[in-house]
Amino acid sequence: MKPLRILTLVALLSGVGLAQHNVQVPVAPMPSDPLEPVNGGIVIPATPDQRLAAQQIIVKARDQYKLHAGGPFDLKLTFNATGRSRYEGPGTLEELSLGMNGSRWTAQLGSYSQTRIVGTMGLIYDDKPAGEIPMRLQQLREAVFSPIYASPQNAFIRTATVIVNNEELNCVLLTHSSGEPPTVQRRRWSETEWCVNAQSGLLRIASEAPGTYTTYDYTDSLHFHDYILPRNIKVSEGGTSVLDIRLESVTDPASLDRQQLTPAAGMKSGPVLQDAVHLFEPVFSNLNARPTVIRQVVVHATFGANGRVIESELAEASDPTLETAALDFASRYNYAVPTPPGAITRQSQVYLHINFFQAR
């Protein structure tokens, strides 16, 4: 079971009281987004049984994406990446997993290609040790293999039942920290959101952060042992479609021979792809003025082992005039995961919540 992705606090949280001003600063609400399914009817589970029921919504949907925790498989998919990231265009990915014996995946995206072998001890070997993986490829792998993280037990949970395209969905909104009132009848900036079909329990919408939405279409779904997988997956960020994924097939491997996972000569260690973390940073427009509002901008970025940004793009902004400043802030931000000598390096996926404290 994968560990829960903790919402990391590195600075002031949005909406907290400022000691130097002795005030509670209101947070500007999320802007209207046609992809956001929850716009009211939000409740907080009041009893242990209600909380457990909300947790089970997540657990049941998550279990449909635990291919890596199951037995061997051979999955093939095609995709098209768009937007403004470094690598765009049509692509393919095939992953051969031999369960506990390791896996091998091969991906191609535009001018980028990579073959990666993951050994039994978690050792990683890349045939092209470029030191970084394209953001779109990291997004794709999360959307296909791990759209829901493991355990919601210690999180603050809110729920809502919504109708999207005549389909009833049960939505769970989860956060570990927020300065916004828990009773507010809209999604809060710090909440991660999953919506599942009320009858089947299958995941339909995953939103790691505001402005980032992944939708799952089970028309002509793939059935593999006990799994039901969507045929098509679409990822949008900042109001723009960035990934259109089609699962072509998932089958048992033609062979279980472990020699398939033997690293070829010249393959070298590559970075571990870290699950997403959320960081909160304040920016004060005037340190001598009393702030009257917090306007948040969410930037999605990947960071290398050296702590410097590799790629970044806008996810959501409460004020469009702050978008350029937020992207500039992200370009200068440093986020490094401590790596002991000899340990495998990591590439981190970060949702940087930049809180602009403004006096207006």
- Item | Hphob cluster co-occupancy, L109 + I310, side-chain heavy atoms under 4.5 angstrom | no
- Message: Pairing donors with acceptors under 3.5 angstrom, does anything connect the side chains of Q260 and R104?
- Response: no
- Query: If we ignore angles and hydrogens, is there a donor and acceptor under 3.5 Å between the side chains of S318 and Q296?
  - Reply: no
- Item | In one Ile/Leu/Val/Met/Phe/Trp/Tyr side-chain cluster, 4.5 Å: V43, L173 | no
- Message: Taking E191 first and then R158, would you say they form a salt bridge - that is, a charged N and a carboxylate O separated by under 4.0 Å?
- Response: yes
- Please say whether more than 12 non-hydrogen atoms of neighbouring residues, nucleotides or ligands are located less than 6.0 Å from CZ in R84. no
- Task: Please indicate whether R258 has more than 12 foreign heavy atoms, meaning atoms of other residues, nucleotides or ligands, lying under 6.0 Å from its CZ.
- Result: no
- Any donor-acceptor N/O pair, Q108 side chain to G110 backbone, under 3.5 Å: yes
- Message: Please determine whether side chain to side chain contact (heavy atoms under 4.5 Å, CB included) holds for the pair V250 and L229, giving the CA-CA distance in whole Å, both sets of side-chain angles, and the decisive distance to 0.1 Å.
- Response: CA-CA 9 Å; V250 56; L229 300 176; 4.1 Å; yes
- Message: Does D226, at its CG atom, have more than 12 non-hydrogen atoms belonging to other residues, nucleotides or ligands within less than 6.0 Å?
- Response: no
- Item | Minimum heavy-atom distance between L93 and F79, given as atom pair plus value | N-CE2, 4.4 Å
- Under 3.5 Å, is there a donor-acceptor pair linking the side chains of T106 and T115? yes
- Query: Aromatic ring centroids of Y216 and Y65 under 6.0 Å?
  - Reply: yes
- Query: Do I294 and M30 belong to the same hydrophobic cluster, where Ile, Leu, Val, Met, Phe, Trp and Tyr are linked whenever their side-chain heavy atoms lie under 4.5 Å apart, directly or via other members?
  - Reply: yes
- Message: For P147, is there any backbone N or O sitting under 3.5 Å from a side-chain donor or acceptor partner on W194?
- Response: yes
- E208 and Q349: side-chain donor and acceptor closer than 3.5 Å? no
- Would you kindly say whether S236 and S241 are connected by a side-chain donor-acceptor distance under 3.5 Å? no
- Message: Quick test of your reading of the model: are K66 and D63 salt-bridged, counting only N-O distances below 4.0 Å?
- Response: yes
- Task: Mind telling me whether F145 and H68 have parallel, tilted or perpendicular rings, with 30° and 60° as the class edges?
- Result: parallel
- Are M267 and L123 connected in a single hydrophobic cluster, I mean Ile/Leu/Val/Met/Phe/Trp/Tyr linked by side-chain heavy atoms less than 4.5 Å apart? yes
- Task: Using distance alone, with no hydrogens and no angle criterion, decide if S255 and D257 have a side-chain donor and acceptor under 3.5 Å apart.
- Result: no
- Query: Hey, mind stepping through I233 and L247 against side chain to side chain contact (heavy atoms under 4.5 Å, CB included) and telling me if it holds?
  - Reply: CA-CA 8 Å; I233 303 173; L247 275 62; 3.9 Å; yes
- Message: Would you say T214 and K234 are linked by a side-chain donor-acceptor pair, where the criterion is simply a distance under 3.5 Å?
- Response: no
- Which pair of heavy atoms, one from W189 and one from A317, lies closest together, and at what distance? CH2-C, 4.0 Å
- Message: Could you tell me if Y87 and E311 have a donor-acceptor pair between their side chains, going purely by distance under 3.5 Å?
- Response: no
- Item | Any donor-acceptor N or O pair under 3.5 Å, side chains E281, Y333 | yes
- Query: E88 and S85: side-chain donor and acceptor closer than 3.5 Å?
  - Reply: yes
- Query: Hey, is the main chain of K128 close enough, under 3.5 Å, to the side chain of D126 for a donor-acceptor pair?
  - Reply: no
- Message: Quick one about Q347 and Q138 (side-chain donor to acceptor, distance below 3.5 Å, no hydrogens or angles considered), yes or no?
- Response: yes
- Query: Is any NZ, NE, NH1 or NH2 atom of the basic residue among R136 and E313 found under 4.0 Å from an Asp or Glu carboxylate oxygen of the other?
  - Reply: yes
- Item | Backbone N/O of P291 and side chain of Q358: donor-acceptor pair under 3.5 Å | no
- Give a yes or no on whether a salt bridge exists between E95 and K76, defined as a side-chain N under 4.0 angstrom from a carboxylate O. no
- Among side-chain atoms of T47 and D49, is any donor-acceptor pair under 3.5 angstrom? no
- Any chain of hydrophobic side-chain contacts (each under 4.5 Å) joining M135 to Y335? no
- N197 and E168: side chain donor to acceptor below 3.5 Å: no
